[in-house]
K.L.:
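Input: one structure, supplied below.
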Amino acid sequence: ILLALTITIVGSYLLISDAYKEKMKESNSLMAASVADNIEQTMQNAYAAIEFTAEYPGIMALDADSQQSLVRQVAGRFPAFQLVAINNLKGDQLARSSGPLGNRAERFWFKKFMIEREPYISKTYYSLTTGNPIITIVHGIYENGQLVGIVEGDIAVKELQLLMEAFNTGAGSYTYLLGGEGEVIAHPEYHDGGDLYNYRTLKKKALLYDKDGKMIKDKKNNEVTAESDVEVSDSLQLIIDQAMAGETGAGEYTDLDGEENICAYQSINVPGKSAPWNVIVVQKKRAAMMFMDKILAYNIFVGLIVIIA
């Protein structure tokens, strides 16, 4: 009787747990889709704000005070902006929403735009002002079909992380965001001044500081970083590759610590000439299946009571 009862309970558990696991994958997929929709809308709104600035009538002819007033208004309407600035084609900032004017001619995003002449959203990099991870929306200013300036809109990635955390389902669950080049845009383990990870190149960058705690910069005024390798499990790399290929789906992987995880991934279309982003929702399998483990324990307990009685 005990053997038969045990087989029945375990068999039922396996059948129900498989169905429950598929239900969790479905739930994570719905979560990934919701997060993706919100991130996409957020970036569409931010892009529209920079596009509005770039297309503001006679913007380059405005005096410095009027230009500054305009970029401050735009930044004020969209709290995620760390900075909105107007640049001439030499990289000189003519007006910015906060902080002192500078020159951005040697920044990678400026060079890329001057070559391609297409608006886009940059990869994650370090802000020269704060040292924190940011992304930049870059858009040209045109007069009579001629490029005359550039508008930049810097967004602190922690703002995107806060947006994703609003969808957190609790312990053992988290969401992160990958850019089109494989870089991690937002992650719950990110912190101010933290390392920048790339899951395509399997590298990470860290800012270098001098003995006084100041960011080290090179002769072109770019931040100096140290690069090192990043290791991920083969099963996680497969999930990342599928996500980066533009696929939408759900799966499982085991991390380097041996922890089993259930995940879902969703592609995000971002405006401008930018490769799609990807949101990945992760739930530790142990936490997800805890409910089923409790059911198994309860059934065993009840079965034993029945036999003893």
Side-chain angles (χ1 to χ4, degrees), residues 43 46-56 59-76 78 80-143 146-160 179-181 183 185 192-193 196 205 207-209 214-225 270-275:
M43 295 312 300
Y47 183 89
I50 297 303
E51 185 176 49
F52 164 82
T53 307
E55 296 178 353
Y56 191 85
I59 184 173
M60 296 300 286
L62 296 176
D63 59 63
D65 289 341
S66 297
Q67 288 179 333
Q68 186 177 57
S69 176
L70 174 62
V71 295
R72 283 181 174 175
Q73 288 180 40
V74 172
F78 197 85
F81 279 131
Q82 177 177 290
L83 173 72
V84 176
I86 301 170
N87 304 265
N88 64 23
L89 298 185
K90 295 181 180 180
D92 297 318
Q93 291 180 333
L94 306 178
R96 51 186 287 158
S97 55
S98 62
L101 299 175
N103 183 283
R104 296 297 181 258
E106 294 297 331
R107 298 303 270 168
F108 77 92
W109 56 262
F110 187 92
K111 290 182 175 181
K112 176 180 172 67
F113 181 84
M114 291 302 294
I115 292 173
E116 299 181 0
R117 304 292 178 100
E118 295 279 358
Y120 75 104
I121 300 175
S122 79
K123 65 182 179 181
T124 311
Y125 68 102
Y126 289 111
S127 165
L128 290 175
T129 304
T130 66
N132 296 330
I134 60 174
I135 57 174
T136 296
I137 301 173
V138 190
H139 200 294
I141 301 172
Y142 293 86
E143 290 181 0
Q146 296 295 316
L147 179 68
V148 295
I150 297 174
V151 178
E152 63 171 294
D154 299 342
I155 297 177
V157 298
K158 66 180 179 181
E159 297 294 335
L160 298 178
E181 297 182 28
E183 78 279 12
I185 296 176
D192 289 348
L196 299 182
K205 292 181 179 180
L207 275 177
L208 295 182
Y209 296 89
K214 295 182 179 179
M215 183 195 307
I216 298 176
K217 300 177 183 178
D218 61 20
K219 294 180 180 180
K220 295 182 177 180
N221 200 40
N222 289 316
E223 70 278 10
V224 177
T225 60
V270 290
K273 190 181 178 182
S274 309

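Here the structure is a predicted model, which means the values were calculated and not measured.
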K.L.:
If you look at every heavy atom in I135 and L160, which pair is closest and at what distance?
P.N.:
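Looking at all heavy atoms of both residues, the closest pair is CD1-CD1, 4.1 Å.
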K.L.:
Identify the residue among K217, K214, R107, K205 that makes a salt bridge (Lys or Arg N to Asp or Glu O under 4.0 Å) with E223.
P.N.:
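Between E223 and the candidates, salt bridge (Lys or Arg N to Asp or Glu O under 4.0 Å) is satisfied uniquely by R107.
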K.L.:
Just verifying a value: how many Å separate I137 CD1 and I155 CD1, rounded to the nearest 0.5 Å?
P.N.:
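Between I137 CD1 and I155 CD1, I get 4.0 Å after rounding to 0.5 Å.
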K.L.:
Mind listing the closest non-hydrogen atom pair of S122 and W109 along with its distance?
P.N.:
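Heavy atoms only, the tightest pair is CB-CB, 4.3 Å.
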K.L.:
Give the C-alpha distance, both sets of side-chain angles, the deciding distance and a yes or no for side-chain contact (heavy atoms from CB on, under 4.5 Å) between I59 and I86.
P.N.:
CA-CA 9 Å; I59 184 173; I86 301 170; 3.5 Å; yes
K.L.:
Return the OH to CG distance between Y125 and N132, rounded to the nearest 0.5 Å.
P.N.:
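Those atoms lie 12.0 Å apart.
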K.L.:
When you compare the side chain of L101 with that of D92, does any pair of heavy atoms fall below 4.5 Å?
P.N.:
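The answer is no, as the side chains (C-beta and beyond) never meet within the 4.5 Å cut-off.
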K.L.:
Using atom types as modelled and distance alone, determine if a side-chain donor or acceptor of N222 lies under 3.5 Å from a backbone N or O of E106.
P.N.:
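Answer holds: yes.
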K.L.:
Calculate, to the nearest 0.5 Å, the distance between atoms CD and OG1 belonging to Q67 and T53 respectively.
P.N.:
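Between Q67 CD and T53 OG1, I get 11.5 Å after rounding to 0.5 Å.
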K.L.:
Using the side chain to side chain donor-acceptor pair (under 3.5 Å) rule, pick out the option among Q93, H139, R104 that qualifies with E152.
P.N.:
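The side chain to side chain donor-acceptor pair (under 3.5 Å) with E152 is passed solely by Q93 among Q93, H139, R104.
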K.L.:
Rounded to the nearest 0.5 Å, how far does CG of L147 lie from CE of M114?
P.N.:
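One gets 6.0 Å once the value is rounded to the nearest 0.5 Å.
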K.L.:
Using ring-ring contact (aromatic ring centres under 6.0 Å, His included) as the criterion, list what pairs up with F78, not counting sequence neighbours.
P.N.:
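With neighbours one apart ignored, the set is F81.
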K.L.:
Ignoring hydrogens and angles, state whether a donor on the side chain of E159 or Q82 is under 3.5 Å from an acceptor on the partner side chain.
P.N.:
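Side-chain D/A pair, E159 to Q82: absent.
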K.L.:
Grab the two heavy atoms, one from T136 and one from D154, that are nearest each other, plus how far apart they are.
P.N.:
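Reported closest heavy-atom pair: OG1-OD1, 2.7 Å.
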K.L.:
Looking only at heavy atoms, what is the nearest atom pair of S98 and L83, with distance?
P.N.:
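It is O-CD1, 3.6 Å.
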K.L.:
Tell me, please, whether F108 has K123 positioned over its six-membered ring: NZ or CZ under 6.0 Å from the ring centre and within 45 degrees of its axis?
P.N.:
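Geometry flag: set, cation within 6.0 Å and 45°.
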K.L.:
Could you tell me which residues satisfy side chain to side chain contact (heavy atoms under 4.5 Å, CB included) with E118, sequence neighbours excluded, listed by chain and number?
P.N.:
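Side chain to side chain contact (heavy atoms under 4.5 Å, CB included) check on E118 returns K273.
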K.L.:
Can you name the closest pair of heavy atoms from L207 and G131 and give their distance?
P.N.:
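Scanning both residues, the minimum pair turns out to be CD1-O, 3.3 Å.
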K.L.:
Give me the atom names and distance for the closest heavy-atom approach of I50 to G153.
P.N.:
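Nearest pair, atom of I50 first, then G153: CD1-CA, 3.6 Å.
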K.L.:
For the atom pair CD1 (I185) and OG1 (T124), what is the distance rounded to the nearest 0.5 Å?
P.N.:
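OG1 of T124 is found 5.0 Å from CD1 of I185.
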K.L.:
Looking at I121, is its backbone amide N or carbonyl O close enough to the side chain of S274 to form a donor-acceptor pair, meaning the two atoms are under 3.5 Å apart?
P.N.:
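Here the side-chain-to-backbone pair exists.
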K.L.:
Is there a donor-acceptor pair under 3.5 Å between the side chain of S127 and the backbone N or O of I134?
P.N.:
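Checked: no pair found.
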K.L.:
Do side-chain atoms of D218 reach the backbone of V224 as a donor and acceptor pair under 3.5 angstrom?
P.N.:
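Side chain of D218 to backbone of V224: no pair is present.
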K.L.:
Working to the nearest 0.5 angstrom, can you tell me the gap between M60 CE and N88 CG?
P.N.:
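One finds 6.0 Å between CE of M60 and CG of N88.
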K.L.:
Q68: what forms a side chain to side chain contact (heavy atoms under 4.5 Å, CB included) with it, not counting sequence neighbours?
P.N.:
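R72, A95.
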K.L.:
Do S97 and V74 have side-chain heavy atoms sitting under 4.5 Å apart?
P.N.:
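When only atoms from C-beta onward are counted, V74 and S97 do not touch, as no gap falls below 4.5 Å.
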